[in-house]
Amino acid sequence: MKPVRVRFAPSPTGYLHIGGLRTALYDYLFARNQGGRMILRIEDTDRNRLVEDATPKLIRALETMDIRIDEGPAVGGEFGPYVQSERLDIYHEQADRLLEAGHAYHCFCSSETLTQMREDQQAKGEFVKYDRRCLKLSAPDIKSKLESGVPHVLRLKMPDDHRFVFDDLIRGRVEMDSSQSDDQVILKSDGFPTYHLAAVVDDHFMQISHVIRGEEWLSSTPKHIWLYNCLGWDAPEWVHLPLILNKDRSKLSKRMNDVSVESYLEKGYLKEALINFIALLGWHGADDRELYSLDELCREFSLDRVSKSGAVFDLTKLDWMNGMYIRSLPPETILERVKSYFLAQGIDLQNDSRTCRMISVARERVTLLPEIVDYCRMFYHKLPLSESDQDTLGSDNSQKVLNYLQSILEHNYPQTDEEVDHIVKATGEDLQIKGKQLYLPIRLALIRQPHGPDIAGIFMILGQDEIMERLREAIQ
Ligand code: GLU
């Protein structure tokens with residue numbers, strides 16, 4: 001068996017989005033599971049679609065998601081360079097070989113000619129493909145056109161009447177007819193290879209063992225197999241991942257897919273939840289389990305549990321999972337992750353036990369990180385009291401409770417949850433007041449709302465000075 005080497009090969013045309021992250025993650029999980037190598041290759045041969053900064057952003061996004069690259073533009077490696085625009089000589093050399101062997105030919109057709117050709121074929125209801133008129137050019141003709149600098153491309157001559165049969169590790173045996181494949185352009189007039197030539201040449205020289213990519217590339221695979229054949233190379237294993245679908249099973253909408261991974265993070269999804277959720281977009285474990293850490297995924301992942309039917313992107317499930325992770329990661333981790341949201345509200349979170357307690361309380365009730373900030377407003381601000389709450393607070397009963405509590409606290413301030421509970425209980429017993437009559441005034445005084453964390457929690461979060469201040473104010 002060849003050593004496992006997989007590559008994630010994004011085009012730097014934008015951000016890392018959900019589909020890209022799924023491919024990168026499956027590459028990574030498979031590589032880790034098999035003790036193989038994870039390669040990042042930047043496919044920047046389509047010069048019109050390049051987006052400045054896309055490559056560093058992609059690299060950063062993978063890093064943020066803890067997908068570690070073994071070889072790639074930022075880390076190097078023995079099969080580099082890992083950016084296609086830096087490998088043009090390698091593609092030209094292979095294109096020349098194809099040309100010499102008669103597997104490729106020059107095409108001088110202008111874009112107007114090609115448009116006309118397509119329209120004529122469409123009008124006749126024919127399969128739209130290049131009609132090979134340049135294949136019939138004589139050698140002297142070609143020579144003179146080249147010499148006079150007529151713009152041209154190189155096309156791969158696909159076989160006629162050929163049935164491509166190949167094994168896909170997820171879909172099993174796949175068969176496709178050559179009549180469905182066009183004579184693909186492999187070298188463009190700007191001297192850059194197209195994706196097809198560049199990907200095949202690189203996968204060969206980078207010794208890629210498994211090509212893992214989205215199902216949308218399945219129809220290109222015969223062209224790639226043909227290229228391997230013409231170049232005399234062994235093809236890698238093919239692995240086409242299922243489409244990602246909306247809940248109604250239509251192809252994932254741009255609105256969901258084109259959202260960058262960073263913006264999910266900004267919205268307050270945790271990377272742990274995103275990784276877990278995306279891992280399950282097509283793969284499932286041996287049982288019904290739903291929650292996996294990245295390490296567990298690396299251990300458990302296998303291609304034979306990737307399904308071939310489309311995977312539904314269910315935002316409700318992502319939300320649920322995010323809540324689960326917000327509650328289960330160490331509170332210190334959540335504290336670190338919410339800092340920026342608090343800072344945006346002018347609050348500089350400290351790493352102390354009070355803050356930790358606040359986060360522990362708040363995270364029980366939220367789905368997204370910024371909701372923690374909303375929940376905690378009661379600790380940082382004096383929330384407006386509704387009229388009826390104001391009346392409740394001003395009532396004789398409330399004032400009695402609060403005065404009594406204040407007088408105990410002045411002499412004997414509690415340090416633990418148990419002591420707080422004890423003092424509140426004693427207040428009730430001494431005054432012969434219980435239930436809502438006892439707790440509501442205390443809550444309204446301390447957090448200005450009838451519901452919230454338990455009273456001991458409120459004491460621990462606010463601290464002595466703030467508790468006494470809020471009580472004083474409520475009594476006035
Ligand atoms: N550059 C292609 C893309 O943008 C890669 C396809 C492949 O993995 O072969 O998705």
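Numbering of ligands and ligand atoms starts at 1, following listing order.
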Trp217: numbered ligand 1 atoms lying under 4.0 Å from its heavy atoms: 2 (C), 3 (C), 6 (C), 10 (O)
Check this for me - ligand 1, Ala9, N or O atoms closer than 3.5 angstrom, yes or no? yes
Which residue and non-hydrogen atom of the protein lie closest to atom 4 (O) of ligand 1, and at what distance in Å? Ser11 OG, 3.2 Å
For atom 7 (C) of ligand 1, which protein heavy atom lies nearest, and how many Å away is it? Tyr195 OH, 3.3 Å
Parallel, tilted or perpendicular for Trp217 and Tyr195, by the 30°/60° rule? tilted
Restricting to pairs with a member in residues 329-350, which pass salt bridge (charged side-chain N to carboxylate O under 4.0 Å, His left out), not counting sequence neighbours? Glu272-Arg337, Glu336-Lys339
Could you tell me how the ring of Phe164 sits relative to the ring of His162: parallel (under 30°), tilted (30 to 60°) or perpendicular (over 60°)? perpendicular
heavy-atom search around atom 8 (O) of ligand 1 in the protein gives Arg7 NH1, 2.7 Å
Heavy-atom proximity to atom 1 (N) of ligand 1, best of Glu216, Glu43, Arg41: Glu43
Between His204 and Trp233, what is the ring plane arrangement, given parallel below 30°, perpendicular above 60°, and tilted in between? parallel
Tell me whether Tyr15 contacts the main-chain N or O of Leu58 through its side chain, where contact means a donor paired with an acceptor under 3.5 Å. no
